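For reference, the structure is listed below as C-alpha cells.
Counting starts at 1 for both ligands and their atoms, following the listed order. For the single chain, residues carry numbers from 1 onward in sequence order. Being a predicted model, the structure only gives us computed values, none of them experimental.
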Amino acid sequence: MARTTRVAVVGGGLGGLTAALALIARGFDVTVYEQAHELGEIGAGVQLAPNAMKVLMALGLEKQVLSAAFEPDAHVVRNWKTGSITATTQMKGVYHQQFNAGYYTFHRADLHAVLVKALPTERVRLSSKCTGVRNVGDKAVLDFTDGTQVETDVVIGADGIHSVIRQSLFGDQPPRFTGVVCWRGLVPTSSLPPDLVSKDMTAWFGPHSTIVTYYVRGGEMVNWAAFFEQDWRQESWRIEGDKGEVLETYKDWHPAINQLVSKTERLYKWALFDREPLPQWTEGRITLLGDSAHPMLPYLAQGACMAVEDGYALALALERHPDNVTLALKEYEAERRPRTARVQLNSRARARINQLESPLSRWKRDIGYAIKKFINPAKHTYGVEWIYGHDVTENKGPERTSGLAGSR
Ligand SMILES: Cc1cc2nc3c(=O)[nH]c(=O)nc-3n(C[C@H](O)[C@H](O)[C@H](O)COP(=O)(O)OP(=O)(O)OC[C@H]3O[C@@H](n4cnc5c(N)ncnc54)[C@H](O)[C@@H]3O)c2cc1C
C-alpha cells in the first residue's frame with residue numbers, strides 16, 4: 001500500500017539501505033541521501049550471522065545474497081603460536097536448524113551491491129552530504145552542504161560512527177578510542193598454498209591480539225583482519241598499512257599468519273573506536289540507526305548485523321504507527337536500545353577475553369572452553385545464542401520487546 005509518509009534515510013551503508021528496502025516494501029516514500037558520489041563499500045570482509053541473514057531473507061534477497069556469500073564450515077579458535085585448535089563450533093549444517101538461518105561471510109562490496117541493486121535508483125540522492133537536521137513543528141528539516149534544505153516527515157540517521165544526525169540531536173560527543181588498531185587484507189585464494197587457510201571462520205587468539213581469517217566471494221578470496229592493542233588513532237578505511245610492521249608484530253605467531261600477510265599485496269590499517277551505549281537515540285521525528293547509534297568493537301562481528309536488524313525493526317515500527325511517527329520511533333528505540341547496548345558491551349568484554357596477556361589466564365580460558373564442550377558437546381561454546389537466535393522480523397510490537405531485553 002502506497003503511503004504519503006516521507007522518510008529520509010541519511011547514509012547508504014548496509015544499515016541505511018536495509019531500512020530503505022524494508023520501508024519501500026511497506027509503501028513508504030523513501031529517499032536515501034548519501035554523501036559519496038556513488039554507492040559502494042570498501043574492499044574488506046564482513047560476516048553476517050543468522051540474526052542478520054533472517055532480515056535479508058525477509059527482504060526477499062536470500063538468493064542474491066547467497067550467490068555472493070561463502071559459508072564457513074565452523075567457527076574455530078586457534079592458538080596464536082602452535083595453531084592448535086582450542087575450540088570448534090560447527091556452523092554449516094547446524095545453524096540452519098538451530099537458528100533458522102546460516103552464517104555467511106562476504107566481500108563487503110558484494111553484499112552492498114545486492115542491496116543497491118534491489119533499491120530503485122530514483123530513491124537515491126548521491127553527493128548529498130547532510131550537515132544538520134532539526135524538528136520543525138510536525139516536520140523535520142535537513143540541511144545539505146550545497147545549501148539545499150529538505151523537508152520530510154521522518155529522518156533516519158544511518159550515517160555511521162561520526163554521525164551528523166546524532167551530533168545535531170545530542171551535541172558533539174566524540175567516540176572513544178578503544179586502544180585497538182586493525183590491519184586488514186584480502187588475498188586471492190589462487191595465490192595461496194592449498195590448505196593454508198581452512199574453510200572455517202577462524203579466530204587466532206594471542207597476547208594483545210586476535211586475528212580472524214575467512215573466505216569471501218564464494219571462496220575466491222581470503223579476508224584477514226588483525227586486531228592489535230596499540231596507541232594509534234587514525235580512523236579511516238583508506239589508510240594503507242606497512243606490511244613490514246605487520247610481519248614484525250606477528251613474527252612470533254604461527255607461520256601461516258606470516259605467509260598470509262606476506263601474500264597480501266595491499267593492506268590497510270585503522271584505529272577502532274566505539275561509544276558507551278547512548279541513553280537516547282530519538283527526538284521527535286528523527287532517530288538513529290546502526291553505527292550512528294551504537295558503534296561497537298568488531299569482536300562479535302555484529303556491528304553490521306545490528307544495523308541491518310535496526311533497519312527492519314524501524315520499518316516494522318513505522319508500519320504499526322504510520323500516522324503517529326513519533327510514537328513509532330519511540331517504540332523502535334525502546335525495542336532496539338537494550339539489545340544493541342548489550343551487544344556493544346559484550347563486544348568489549350570479548351576483546352579482553354580473546355587477547356589476554358598472561359599465559360596462565362589464556363590457559364584457564366582455553367581449559368574453560370574444553371570443559372564446557374565436554375559437559376555439553378551440542379551447546380554453542382561462545383554464549384551467543386541470544387544474538388543469533390533472535391528474529392527481528394517476527395517482532396510485531398513492544399509487547400515482545402520486554403522479553404527480549406532480558407533474554408540470555
Ligand atoms: C575491522 C572491522 C570489522 C568488522 N566486521 C564486521 C563483521 O564481520 N560483521 C558485522 O556485522 N559488522 C562488522 N563490523 C562493523 C560494521 O562494519 C559496521 O557496524 C557497519 O558497517 C555499520 O553500518 P552503518 O550502515 O550503520 O554505517 P556505515 O557503514 O558507516 O555507513 C554510513 C554511510 O553514511 C554515509 N554518510 C556519512 N555521513 C554522511 C552525511 N553527513 N551525509 C550523507 N551521508 C553520510 C557514509 O558515506 C556511509 O555510506 C566491522 C567493523 C570493523 C571496524
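In the vicinity of Gly290, heavy-atom distances shorter than 4.0 Å reach the ligand 1 atoms 26 (O). For ligand 1, the atoms closer than 4.0 angstrom to any heavy atom of Val164 are 41 (N). The contact set between ligand 1 and Tyr33, taken as ligand atoms under 4.0 Å from a residue heavy atom, comprises 43 (C), 44 (N). Contact atoms of ligand 1 toward Phe227: 1 (C) (distance under 4.0 Å to a heavy atom of the residue). Close contacts of ligand 1 with Cys182, meaning ligand atoms under 4.0 Å from a residue heavy atom, involve 1 (C). Interface of Trp270 with ligand 1, defined as ligand atoms under 4.0 Å from a residue heavy atom, comprises 1 (C), 2 (C), 52 (C), 53 (C). Below 4.0 Å from some heavy atom of Leu272 lie the following atoms of ligand 1, by number and element: 53 (C). With ligand atoms numbered from 1 in the order given, ligand 1 contributes 25 (O) to contacts under 4.0 Å with heavy atoms of Gly15.
With a 4.5 Å cut-off on side-chain heavy atoms, Leu14 and Phe106 do not count as touching. Within the 4.5 Å cutoff, no side-chain heavy atoms of Ile257 are placed close to those of Trp224.
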message: Does Asn51 form a side chain to side chain donor-acceptor pair (under 3.5 Å) with Glu309? I'd like the steps, not just the answer.
response: CA-CA 8 Å; Asn51 52 309; Glu309 280 192 9; 2.9 Å; yes
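With no hydrogens or angles considered, no side-chain donor-acceptor pair links Glu283 and Asn135 at under 3.5 Å. When only modelled atom types and interatomic distance are considered, Thr148 and Asp146 share a side-chain donor-acceptor pair under 3.5 Å. Asp159 and Gln35 are not linked by any side-chain donor-acceptor pair at a separation below 3.5 angstrom, with hydrogens and angles left out of the test.
Contact check on Glu333 versus Lys330 returns no salt bridge, with no Lys/Arg side-chain nitrogen under 4.0 Å from an Asp/Glu carboxylate oxygen. One finds no salt bridge joining Lys139 and Glu151 here, because no Lys/Arg side-chain nitrogen approaches an Asp/Glu carboxylate oxygen to under 4.0 Å. In this structure, Asp138 does not pair ionically with Arg285, as no charged nitrogen and carboxylate oxygen lie closer than 4.0 Å. Look at Asp391 and Lys54 and you find no salt bridge, because none of the NZ, NE, NH1 or NH2 atoms lies under 4.0 Å from a carboxylate O.
Any N or O atom pair closer than 3.5 Å counts here, and Val10 shares no such pair with ligand 1.
Atom 12 (N) of ligand 1 has its closest protein heavy atom at Ala304 N, 2.9 Å. Scanning the protein for heavy atoms near atom 34 (O) of ligand 1, the closest one is Gly11 CA, 3.2 Å. Among protein heavy atoms, the minimum distance from atom 18 (C) of ligand 1 is reached at Asp291 OD2, 3.4 Å. Here the heavy atom of the protein found nearest to atom 39 (C) of ligand 1 is Gln35 OE1, 3.4 Å. Among all protein heavy atoms, the one lying closest to atom 30 (O) of ligand 1 is Gly160 CA, 3.6 Å. Looking only at protein heavy atoms, the nearest one to atom 37 (C) of ligand 1 is Asp159 O, 3.3 Å. Here the protein heavy atom with the shortest distance to atom 42 (N) of ligand 1 is Cys130 N, 3.0 Å. The protein atom (non-hydrogen) at minimum distance from atom 35 (C) of ligand 1 is Glu34 OE1, 3.3 Å.
Taking 4.0 Å as the cut-off, Phe144 does not count as a neighbour of ligand 1 on heavy-atom distance.
The closest non-hydrogen atom to atom 14 (N) of ligand 1, taken over Met306, Arg108, Gln47, comes from Arg108. Atom 23 (O) of ligand 1 has its nearest heavy-atom neighbour, among Gly12, Gly311, Ala307, in Ala307. Between the choices Ser168, Pro298, Ala19, Gly13, the shortest heavy-atom distance to atom 2 (C) of ligand 1 belongs to Pro298. Nearest to atom 43 (C) of ligand 1 by heavy-atom distance, out of Ser128, Gly132, Ala293, is Ser128.
Under 4.0 Å from ligand 1, not a single heavy atom of Thr131 appears. With a 4.0 Å cut-off on non-hydrogen atoms, Ala158 touches ligand 1 through its backbone and not its side chain.
Note that Arg184 lies outside the cation-pi zone of Tyr214, set by a 6.0 Å cut-off to the ring centre and a 45° limit from the axis.
Partner of Leu186 under the side-chain contact (heavy atoms from CB on, under 4.5 Å) criterion, chosen from Arg266, Glu265, Met221: Met221. When the options Leu21, Val114, Leu111 are evaluated for a side-chain contact (heavy atoms from CB on, under 4.5 Å) with Leu56, the one that passes is Leu111.
Once rounded to the nearest 0.5 Å, the distance linking NE2 of His208 with OG1 of Thr249 reads 12.0 Å.
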